[in-house]
Amino acid sequence: MSLTKTLKKPPRDIANDLCLVMRLEEYKKPDKDKLFEIIEVAGPGFINFRFKKEYFYANLEKLLVEEHSSLRTNIGEGKKVQVEFVSANPTGPLHIGHGRGAAVGNALSNLLQAAGFDVQREFYINDAGTQVRLLGQSVYARYQQILGNNVPFPEDGYKGDYIESISQQIVKKTSKKYLRKQFKECGDFFTNYAYKMMLADIAQDLRDFGIIFDRWQSERELHESDKVKKSITVLREKNFLYEKDGAQWGSTTLFGDDKDRVIVKKDGEYTYFASDIAYHKDKLDRGFDTIINIWGADHHGYVRRIQSVLEAFGLAKEKFRVLLIQMVTLLRHGEPVQMSKRAGEFITLREVIDEVGADTAKFIFLTRRADSHLEFDIEVAKEQSAENPVFYVQYAFARISSIFRQAMNRNGTWQAAEKGVLSTESGVQEVDLSALKEDDEISIIKKLLQYPIIFEGAVFSFEPHRITYFLQELAGMFHSYYNKYRVISENSTLTAARLCLCKAVQIVLEEGLKTLGVSAPERM
RNA sequence: GCGCCUGUAGCUCAGUCUGGAUAGAGCAACUGCCUUCUAAGCAGUGGGUCAGGGGUUCGAAUCCCUUCAGGCGCGCCA
């Protein structure tokens, strides 16, 4: 149809001409090489090709023999990629928004791994700034109050229940050791104790969510090892730095930022930006080919300046990607729940995991594009968990497992239909896949063969949710098929072929679920 | 004021990058289907000015311009 303009003919006429030529070519081939059953013009000028069934059987067999490897493409070729995600301040428990970032980061990492990239998952710990200090002050104040010394609670202090419990713990451990001492004297103790505890909780929550990080990078460590200082020296050598009003500025506007940014303040203190410069320089030094950051959408104003710095360090623009995760609006009975970390009012990831389960939560987080707002009604997810889309997909997998269990019982020693060969009591039997004659069966095979295409699209666009949608569609086709036809019947040729088809569906479902970080249970 | 994201069925969202056929799911509503492989399922019905307007094109939810609405961000804070 794009030729319409050049040829000055209606699209339908052009399609007709092309179609005739292609039919002729196909006709000339010997029968066994013919790929297509039908080539015809349709609609406003489309050319439809219908593959011969043999094409589908051959590819189904390939899927059964090669299993998961046939679904993946080696796009990454071993290139090192770092995905940094969650990176929540260790000043409180993870909340539901972090959960979304965690689910997306993890799924993206799985996706890239499956595509042959050498992926590292990293968590950046903001353990150096005023926020952890404030956490320390909050715990310190509560500690003093518990022991009867009524010091004022910091104005912007963290007010959640967890502050109380950390303070109680310190009381238990140290008794009155720090009673009536000034924060100046013992602040480090409180700060370190509190944030380390928070960090341990965060790590535990993430583990229970099914996410393991390969590396935890401390912001403090960047300062202590002089990496901050050194990275700034490098920028100075690159003429990226200048002095104005007694402060050191980075020329981020050179690379498209709105304004230049302060790196060292007038008083000689580093800004948060300075640590981030060091951190990203460190990522480069560690030899990553591509750097991916997953941030909350409220940090979008920060993307350009980091990009500028990376470009100043010599990283090509397209080697750095920031995925912005839009906010999660939390609902309870359809009513929005106000969340404030400081005030301690929020739904934690822990609560979500306990109430709806890790699989469900992850799947829901992955049913939307990352940059789209997500409404998460905790009551709906909890009360109607049986109607959750994740069960729909898992159920298809479990159902197939059940079919195989039945097949084993009924026919004695049916083994799993693998590699196009079934073992029976009478020995090994070749499976004739051409027994799959129904249109519904061909449609399922067609769908299965689309997985690698969807997979590649998801990799190139960094959009794991495409896998989620694909799985729901495939599961739907299978459920429908299951209700319409019987897999196990008296016809052993047909049964064998259908078991093979089921096996293939299961392989694809498992591959997809695994990529999303969701389990594939054999029973439900 | 400037920048980024979003606006598609009653609700929640895919589809937009890369323009094509009658715009798709799920939930909610209604009607059927369990003596046979898991009913967490299936079959069916109803439901749309793709936010509005203009433009490009044989063809626009998709590309361009513009208006409106919602969210977020614009510190020598972190």
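This is a predicted model, so every value here is computed, not measured. Chain identifiers are assigned alphabetically (A, B, ...) following the order of the sequence lines, protein sequences preceding nucleic acid strands; residue numbering begins at 1 within each chain.
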**Prompt:** How are the rings of A/Tyr272 and A/Tyr302 set relative to one another: parallel (under 30°), tilted (30 to 60°) or perpendicular (over 60°)?
**Reply:** tilted
**Message:** Looking at A/Lys244, I'd like to know whether one of its side-chain N or O atoms comes within less than 4.0 Å of OP1 or OP2 on B/rC76.
**Reply:** no
**Asked** Taking it one step at a time, do A/Phe85 and A/Phe123 satisfy ring pair (Phe, Tyr, Trp, His ring centres under 6.0 Å)?
**Response** CA-CA 6 Å; A/Phe85 58 110; A/Phe123 187 112; 8.4 Å; no
**Message:** Between A/Asn491 and A/Arg498, is there a side-chain donor-acceptor contact under 3.5 Å, judged purely by atom types and distance?
**Reply:** no
**Message:** With side chain to side chain contact (heavy atoms under 4.5 Å, CB included) as the criterion, how do A/Phe363 and A/Leu516 come out once you've worked through the C-alpha distance, each side chain's angles and the decisive distance to 0.1 Å?
**Reply:** CA-CA 7 Å; A/Phe363 200 89; A/Leu516 297 178; 4.0 Å; yes
**Prompt:** How far does the C1' atom of B/rG10 sit from the matching atom of B/rC74, given to the nearest Å?
**Reply:** 37 Å
**Validation row, ring centre A/Phe190 to ring centre A/Phe183 under 6.0 Å** = no
**Item:** Distance below 4.0 Å between A/Tyr395 side-chain N/O and B/rA40 OP1 or OP2
**Value:** yes
**Request:** Write down the distance separating the C1' atoms in B/rG15 and B/rA60, rounded off to the nearest Å.
**Result:** 14 Å
**Request:** Give the nucleotide from the list B/rG41, B/rG75, B/rA78 with an atom nearest to the side chain of A/Lys259.
**Result:** B/rG75
**Request:** Looking only at side-chain atoms of A/Tyr272, point me to the closest of B/rA78, B/rA40, B/rA43.
**Result:** B/rA78
**Prompt:** Using the ring of each side chain (for Trp, its six-membered ring), is A/Tyr451 parallel, tilted or perpendicular to A/Phe455, with breaks at 30° and 60°?
**Reply:** parallel
**Prompt:** Given the rule that a pair is Watson-Crick or G-U wobble with both distances under 3.5 Å, how would you write RNA chain B in dot-bracket, using | for pairs to a different strand?
**Reply:** (((((((..((((......[...)))).(((((.......))))).....(((((..]....))))))))))))....
**Item:** Under-4.0 Å salt bridge between A/Glu511 and A/Lys514
**Value:** no
**Complete:** Judged by nearest nucleotide, the residue sitting upstream toward the 5' end of RNA chain B, A/Met327 or A/Asp245, is A/Met327
**Prompt:** How does each nucleotide of nucleotides 8-16 of chain B score, in 5' to 3' order, for protein heavy atoms under 4.0 Å: base (B), sugar-phosphate only (S), or none (-)?
**Reply:** ----SSSSB
**side-chain N/O A/Tyr392 vs B/rC42 OP1/OP2, d < 4.0 Å** = yes
**Message:** Below the 4.0 Å mark, does B/rA39 have OP1 or OP2 next to a side-chain nitrogen or oxygen of A/Arg399?
**Reply:** yes
**Request:** May I ask you to check if A/Arg399 and A/Tyr482 form a cation-pi contact, with NZ or CZ under 6.0 angstrom from the six-membered ring centre and within 45° of the axis?
**Result:** yes
**Request:** Select one nucleotide: of B/rA78, B/rC76, B/rC42, the one nearest the side-chain heavy atoms of A/His479.
**Result:** B/rC42
**Prompt:** Where each residue is assigned the nucleotide of RNA chain B containing its nearest heavy atom, which of A/Gln472 and A/Gly476 is assigned the position nearer the 5′ end?
**Reply:** A/Gln472
**Fill in**
Taken to the nearest whole Å, CD1/A/Ile364 to P/B/rC27 is 13 Å
**Prompt:** On a whole-Å scale, what distance lies between the C1' atoms belonging to B/rA23 and B/rU8?
**Reply:** 8 Å
**Asked** When you look at A/Asn16 and A/Leu20, which way does the side chain to side chain contact (heavy atoms under 4.5 Å, CB included) test go after all the steps?
**Response** CA-CA 6 Å; A/Asn16 262 320; A/Leu20 288 175; 5.7 Å; no
**Request:** Please tell me which of the listed nucleotides, B/rA78, B/rG73, B/rC37, lies nearest to the side chain of A/Gln131?
**Result:** B/rA78
**Prompt:** Is there a donor in the side chain of A/Asn293 and an acceptor in the side chain of A/His280, or the other way round, less than 3.5 Å apart?
**Reply:** yes
**Separation between the P atoms of B/rC4 and B/rA40, rounded to whole Å** = 49 Å
